[in-house]
Number of protein chains: 2
Amino acid sequence: MTQYQDQTHLLVAVDCIIFGFDNEELKLLLIKRDFEPERDKWSLMGGFLRPQETADEAAKRVLHRLTGLQDVYLDQVHTFSAPGRDPVERTVSIAYYALINIEDHNEELSEQHGAKWFSLKEAPKLIFDHEQMVTAAIQKLRYKTSVQPIGFELLPEKFTMRQLQKLYEAILDEELDKRNFVKKINQLDILTKLDEKDMTSSKKGSYLFQFDQSKYEKQASKGFSLKLANQL
Amino acid sequence: MTQYQDQTHLLVAVDCIIFGFDNEELKLLLIKRDFEPERDKWSLMGGFLRPQETADEAAKRVLHRLTGLQDVYLDQVHTFSAPGRDPVERTVSIAYYALINIEDHNEELSEQHGAKWFSLKEAPKLIFDHEQMVTAAIQKLRYKTSVQPIGFELLPEKFTMRQLQKLYEAILDEELDKRNFVKKINQLDILTKLDEKDMTSSKKGSYLFQFDQSKYEKQASKGFSLKLANQL
DNA sequence: TCAAAAGTGTTGCGCATACACCCATGG
DNA sequence: CCATGGGTGTATGCGCAACACTTTTGA
């Protein structure tokens, strides 16, 4: 049986672009590298692919190690393979982005890794090609958001319309009209309006909503015909 | 300096989904595997990543080997990494799709590889996860086509509106209205109408058009605001 | 003269956008 | 009672989709 013995074997890694949302802007969870080269520089959380796992599983593992979270929304973005991208040794890296609720993650764990949230616009320089990865991830997130309603992973279970709107504004980086936004979301018919109100943001209080998986699936099967963003 | 010595090294490959167009439907260039396992089964053209090349370069190389073509339109689709996907040895594969003019490729070369064009709908079973790759490639191609005018790579240098329409219909797998189509393409303003006519398709003859790179760039910088497909 | 493909404009409707006022309540 | 954010409806215009007839000419 033919073997592939003469071929070069390479390191394969995953790197995770971890998005969070603080009700104002999109955030990125970055870690401070604690080994050479580039010690103390900021970087994405990553890890090498192990013999018996898929890249998706590796990304999940890496994410769990940093945040303590399971079942995180993950999406493969792009694979980076320039020979010199990691100066230590050639490594092909598969970039993933993750959407997590910023409140949920285990702070102890992430502190152990020297992790910190940065707003997208104030993120520090990153090592290697990690900034390219972030750029590609945002683009993909934006695209996904504009064709299908994702992003609820970034919010608490119960949220107000206002929060959701702020989230979309942060992802798309444009302001949206309050009334039109509510109309669109309601047309999507994937949320349940609760009887509860959130009283922290105003005197009147604002209704809380909840993502409804079964509604979502019903609508998804019809195809989301609704345009959430002005342009892709 | 920390090294990554304890980590598993893997084979990394690229696989190419090669699209062509015969004025009627989308075609796929497949090769017959001439080694075990799965000898004589149909497969995508692929190759292993070499020490000093990026994945993009590897895809170009593989494509050149099969078709004799240089400077082919290539787009990375997705990376496949299931541990058992290649039974010989674990291989992570980065899938690319390529758009080529079906008339252009070197037939000798492709015959040497036992390559053959198949219409998308009549393609044979493929080895490993290659069918998944094809599916993912079509989706990405469809998406790209609907947000920016690509696909001219699939046509001869001079082509008729009718050919272009057929191409879009093949990619999007839906019928388009002739008059609306012409309007949309004209609005894009990226083609030059020639004084020549193609006389092979009808008695009247139909005008030939040519893709105009400089017009394209001018329009691209404004962003293509035009919707070519009904839905993404 | 007829068959076959090419070329061309108009209308109506649906959807997205733009826009402003009242409500409820805590302080 | 007032300040703050929450919640809601309508009118307009544009862009997309639907639609049919005339032209050309080779056979």
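Letters go in sequence order (proteins before strands), and every chain restarts at 1.
Sorted by first then second residue, the salt bridge (charged side-chain N to carboxylate O under 4.0 Å, His left out) pairs that include residues 209-219 of chain B, not counting sequence neighbours, are D189(B)-K215(B).
The interatomic distance linking L176(B) (CG) with dA17(D) (C1') rounds to 12 Å, in whole Å. To the nearest angstrom, P of dA18(C) lies 10 Å from CD of E174(A). Rounded to a whole Å, the CG atom of L208(A) is 15 Å from the C1' atom of dG5(D). If you take CG of N186(A) and P of dG9(D), they are 11 Å apart, rounded to a whole angstrom. When the C1' atom of dA18(C) is taken as reference, atom CD of E175(A) falls 15 Å away, rounded to whole Å. Between the CZ atom of F209(B) and the C1' atom of dG7(C) there is a distance of 10 Å, rounded to whole Å. Atom NZ of K184(A) is separated from atom P of dC15(C) by 13 Å (rounded to the nearest Å).
Checked against salt bridge (charged side-chain N to carboxylate O under 4.0 Å, His left out), K158(B) has the following partners two or more places apart in sequence or in another chain: E196(B). Residues passing the side chain to side chain donor-acceptor pair (under 3.5 Å) test with T67(B), sequence neighbours excluded: none. In this structure, K116(B) has no salt bridge (charged side-chain N to carboxylate O under 4.0 Å, His left out) partners at least two apart in sequence or on a different chain. Legend: residues meeting side chain to side chain donor-acceptor pair (under 3.5 Å) with T200(B), ordered by chain and number and at least two apart, are D198(B). Applying the side chain to side chain donor-acceptor pair (under 3.5 Å) rule to S81(A) yields no partners; only residues at least two apart in sequence or on another chain are considered. Judged as a ring-ring contact (aromatic ring centres under 6.0 Å, His included), and not counting sequence neighbours, Y96(A) has no contacts.
For the residue pair K183(A)/N186(A), the side-chain donor-acceptor check at 3.5 Å is not satisfied.
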Identify every side-chain donor-acceptor pair in residues 121-134 of chain A under 3.5 Å, counting partners at least two apart or on other chains, and give the distances.
unit_1: K121(A); atom_1: NZ; unit_2: D173(A); atom_2: OD1; d: 3.1
unit_1: D129(A); atom_1: OD1; unit_2: R85(A); atom_2: NE; d: 3.2
unit_1: D129(A); atom_1: OD1; unit_2: R85(A); atom_2: NH2; d: 3.0
unit_1: D129(A); atom_1: OD2; unit_2: R85(A); atom_2: NE; d: 2.6
unit_1: H130(A); atom_1: ND1; unit_2: L44(A); atom_2: N; d: 3.0
unit_1: E131(A); atom_1: OE2; unit_2: L126(A); atom_2: N; d: 2.8

Can you give the donor-acceptor pairs under 3.5 Å from side chains of residues 18-28 of chain B to other protein atoms, not counting sequence neighbours?
unit_1: D22(B); atom_1: OD1; unit_2: E24(B); atom_2: N; d: 2.8
unit_1: D22(B); atom_1: OD1; unit_2: E25(B); atom_2: N; d: 2.8
unit_1: N23(B); atom_1: OD1; unit_2: Q163(B); atom_2: NE2; d: 3.0

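In this structure, the ring of F152(A) has its center no less than 6.0 angstrom from the ring center of Y216(A).
Non-hydrogen atoms lying under 4.0 Å from DNA chain C are contributed by K193(B), S201(B), S202(B), K204(B), G205(B), all within residues 192-205 of chain B. Applying a 4.0 Å cut-off to non-hydrogen atoms, none of the residues of residues 159-167 of chain A approaches DNA chain C.
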What does the list of N/O pairs under 3.5 Å between the protein and nucleotides 18-20 of chain D look like, with a distance for each?
unit_1: dA18(D); atom_1: N7; unit_2: N180(B); atom_2: ND2; d: 3.0
unit_1: dA18(D); atom_1: N6; unit_2: N180(B); atom_2: OD1; d: 3.1
unit_1: dA18(D); atom_1: N6; unit_2: K183(B); atom_2: NZ; d: 3.3
unit_1: dC19(D); atom_1: N4; unit_2: D177(B); atom_2: OD2; d: 3.3
unit_1: dC19(D); atom_1: N4; unit_2: R179(B); atom_2: NE; d: 3.3

